[in-house]
Amino acid sequence: MNAADLGKDLVGLEPLSAAQITAILDTAEPFKEVSERPIKKVPALRGKTIVNLFFEPSTRTRISFEFAEKRLSADTVNVQAAGSSVSKGETLVDTARNLEAMRIDMVVIRHGSSGAAQFLGQRIRSNVINAGDGTHEHPTQGLLDLLTLRDRFGKIAGLKVCIVGDVLHSRVARSNIWGLTKLGAEVAVCGPSTLLPSHVADLGVTVFGRVEEAIQWADALNVLRLQLERMTAGFIPSLREYNRVFGVTSERLSRAPKDLLILHPGPMNRGVEIDSDVADGPHSVILPQVTNGVAVRMAVLYLLAGGSPDWANAGGEA
Amino acid sequence: MGRVLVRMASELVEQTAAGGPVVLVGIQRRGVQLADRLAPLIESRLNAPLKRGTLDITLYRDDLQAIGPRPEVRETRLPPDLNGATVVIVDDVLFTGRTIRAALDEIADFGRPRRVLLAVLVDRGGRELPIAADITGLAVASAAGDHVAVLVSELDGEDAVDLVRGAAP
């Protein structure tokens, strides 16, 4: 099988091989340049219709996908759950089948339930791209983190990357763990025990209870957002205490044996999980991550749109 | 191949003498290496450096929807301002003309050159579009099923032009 053949859908990084992940990153390289052109558009996906189906609020991811789609000349439609027939009780599959009846080619889905993208992909003929499903995966975020790390370090294998913060609620953490370990990086997680999944070590990661230890060990920190909207129970005593114990601060980083690369998937809670002088500091690649996000999504769209979908595994009308 | 490139370079110098900056653009893949070889030959005649570029036309192909899995996309790098320049497209083999159609469309998205010329090492006939080369190294009569390949030492370990009769059905 050609390494660049991803199949019909991109549900997560867990099902992908290291060769497939590397093929996506390699494909993203030339797409970086497209966004620097005077006319930021190539005709590769001309005539394709893509629906961005967002059941959860998102600014960065939705806009990034939309830029990627438009720079490939696809036609795009944005559907938000609020104000659509979803709020009238329509099921996910019915919504998607009605969209398919209007002859679409791809669906980019963000949903609050883990597994929603795979569920949909098995039931419609269009290509499905997971833009974040519950606490499961956010594969394009994982890919853009990998691309940003590869840009700075030249390779992923052998890197020590620590994911800091709210790992429990984080689909970004899961996609990072799968992607990094498949490409040969050493991965650790660090956070209060209430925000770490109970069997996280089974994924082959090191667990640090203190952020100071993580800083001593790592080449790069991926600082996660404290997902306040998902915290219905008392996971942490207070934001101030979280910052005092787990916050990534310049004072803590100054005691590291080397300069650590700082990633954050955004949106940031400044002064909670990350301090402003770190986020805006010389070793922060938070904005290059955003730039790479468009290139990675263009690569995924390009690679998926060309495949010959395996209709046998798709439900619905043939 | 060296002798052919020397002759192509001198024809290029004659045809671009009219003035204005010249940008030599190699098409991925083997057009890039041929442009790398032509550039010093032209520069020695002009006593001035040329502007250079590389172009990958994959995203402008007219058969992208039909083929799969996706062909590999390589680097495109053009000078920032093509307006008013003479662009010389360099490719290894001219066949259907579809690659050059795609290249012309892509160049138009970067600027408006004063003039675009096409230099190819091998013209094998078989055009499907109204496109012609301005500078041709070798002209070869070939049938649709023949395979014509240019090998360059940078990528293939040797310089050669291979013509295999009836290679493809």
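Numbers restart at 1 for each chain; the letters A, B, ... are given by sequence-line order, proteins then strands.
In this structure the side chain of A:I39 never reaches within 4.5 angstrom of the side chain of B:F110, judged on heavy atoms.
Note that CD of B:E75 is 10.0 Å distant from CD of A:E29, once rounded to the nearest 0.5 Å. Once rounded to the nearest 0.5 Å, the distance linking CG of B:L64 with CZ of A:R46 reads 10.5 Å. Taken from OG1 in B:T58 to OH in A:Y302, the straight-line distance is 5.5 Å, to the nearest 0.5 Å. The distance from the CE atom of A:M298 to the CG atom of B:L59 is 7.5 Å, given to the nearest 0.5 Å.
Most heavy-atom pairs under 4.5 Å with chain B, from the set A:P43, A:G47, A:S73: that is A:P43.
With a 4.5 angstrom heavy-atom cutoff, A:L45 touches chain B via backbone and side-chain atoms both. Proximity to chain B is limited to the backbone of A:K41, based on heavy atoms less than 4.5 angstrom apart.
Using a 4.0 Å cut-off between charged nitrogen and carboxylate oxygen, A:R37 and B:E106 count as a salt-bridge pair.
The environment of A:F67 atom CZ is sparse: at most 12 non-hydrogen atoms of other residues, nucleotides or ligands sit within 6.0 angstrom.
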